[in-house]
Amino acid sequence: MKDTKSKKAAAADAKAQKKAEKEKAIEKKLAAKKDKEMKKQKKDKKKNAADPNQPKRPATAFFVFLEEYRKTFKDKHPNIKGVAAVGKAGGDAWKRLTEEEKKPYHDKAAQKKADYEKTLTEYKKKQEEDAKNEKENGKDDDEEMQSEEEEEEDDE
DNA sequence: GACGTGATTGTTGCC
DNA sequence: GGCAACAATCACGTC
């Protein structure tokens, strides 16, 4: 009797686990979808207010690894061209790496991060200076802007 | 021709 | 602290 009971319990557990996994996968998919939608909206905004001089985020250790992995993946699977497949395979391979194997990638990422911080500091400094200059010249510019706007209105 | 999509993990930056 | 956004990649599809 105990056996059937424990078997039932085990089956129920397995079922519950499967359900949880399924729900997790669905959740992940939804999150990805949401992420993409948000990205799209952000991109629209970016078109208006993007600053091309702003330093880009540094590559993480995973991205450093992925860069290398893409090359080997291409060699192994020259017929697979989509980036999605490489990303998936790369993520899988990354998880299988030991901490020791990941170390050189973390080192490279740390270097990139240091570079990024340096560039970012310079960028922020420049922005502050620009803001100061704008404030100082603001009055003159206002007058110029006004006349420019009037000209634009005339064009329409 | 220009632009969006897909798929991944780690890190950043904001609230 | 938690969570959203973003970093690279490029063939392919859509408009």
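We use all heavy atoms of the structure for the numbers below, so side chains are in, but hydrogens, waters and symmetry mates are not. Within every chain, numbering begins at 1; the chains are lettered A, B, ... in the order of the sequence lines, protein sequences first and strands thereafter.
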Reading nucleotides 10-15 of chain B from the 5' end, what letters show protein touch, with B for base, S for backbone sugar-phosphate only, - for no heavy atom under 4.0 Å? BBBS--
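- Inter-axis angle, ends of the helix from dG1(B)-dC15(C) to dC15(B)-dG1(C), five pairs per end, rounded to 10 degrees: 70°.
- Between K125(A) atom NZ and E129(A) atom CD the span is 7.5 Å, to the nearest 0.5 Å.
- The nearest whole Å value for the distance from the CG atom in L66(A) to the P atom in dC10(C) is 11 Å.
- Of all non-hydrogen atoms in F73(A) and A89(A), the two that sit nearest each other are CE1-CB, 3.6 Å.
- Rounded to an integer number of Å, the gap from CZ of F73(A) to P of dT8(B) is 13 Å.
- For DNA chain C, the residues of residues 81-88 of chain A within the heavy-atom distance limit of 4.0 Å (strictly under) are K81(A), V83(A), sorted by number.
- The local environment of NZ in K102(A) is crowded, with over 12 non-hydrogen atoms from other residues, nucleotides or ligands closer than 6.0 Å.
- At whole-Å resolution of the value, NZ in K95(A) and C1' in dT8(B) are 9 Å apart.
- Rounded to an integer number of Å, the gap from K71(A) NZ to dT9(C) P is 10 Å.
- The side-chain contact (heavy atoms from CB on, under 4.5 Å) check on E67(A) picks up R70(A), with sequence neighbours excluded.
- Atom C1' of nucleotide dG6(B) and atom CZ of R70(A) are separated by 13 Å, given to the nearest angstrom.
- A distance of 10.5 Å separates NZ in K112(A) from OG1 in T60(A), rounded to the nearest 0.5 Å.
- Legend: residues meeting side-chain contact (heavy atoms from CB on, under 4.5 Å) with P55(A), ordered by chain and number and at least two apart, are Y116(A), T119(A), L120(A), Y123(A).
- Between A61(A) and H106(A) the shortest heavy-atom distance is CB-ND1, 3.4 Å.
- Among residues two or more places apart in sequence or in another chain, the side-chain contact (heavy atoms from CB on, under 4.5 Å) test is passed with K81(A) by none.
- Applying the side chain to side chain donor-acceptor pair (under 3.5 Å) criterion to Q111(A), with sequence neighbours excluded, gives no partner residue.
- Partners of D75(A) by salt bridge (Lys or Arg N to Asp or Glu O under 4.0 Å), not counting sequence neighbours: none found.
- Residues that satisfy the side chain to side chain donor-acceptor pair (under 3.5 Å) test with E117(A), not counting sequence neighbours, are absent from this structure.
- Partners of E68(A) by side chain to side chain donor-acceptor pair (under 3.5 Å), not counting sequence neighbours, listed by chain and number: Y105(A).
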Look for any protein N or O under 3.5 Å of an N or O in nucleotides 13-15 of chain C and output each such pair with its distance, or none.
none

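- Residues satisfying the side chain to side chain donor-acceptor pair (under 3.5 Å) criterion with Y69(A), sequence neighbours excluded, are absent altogether.
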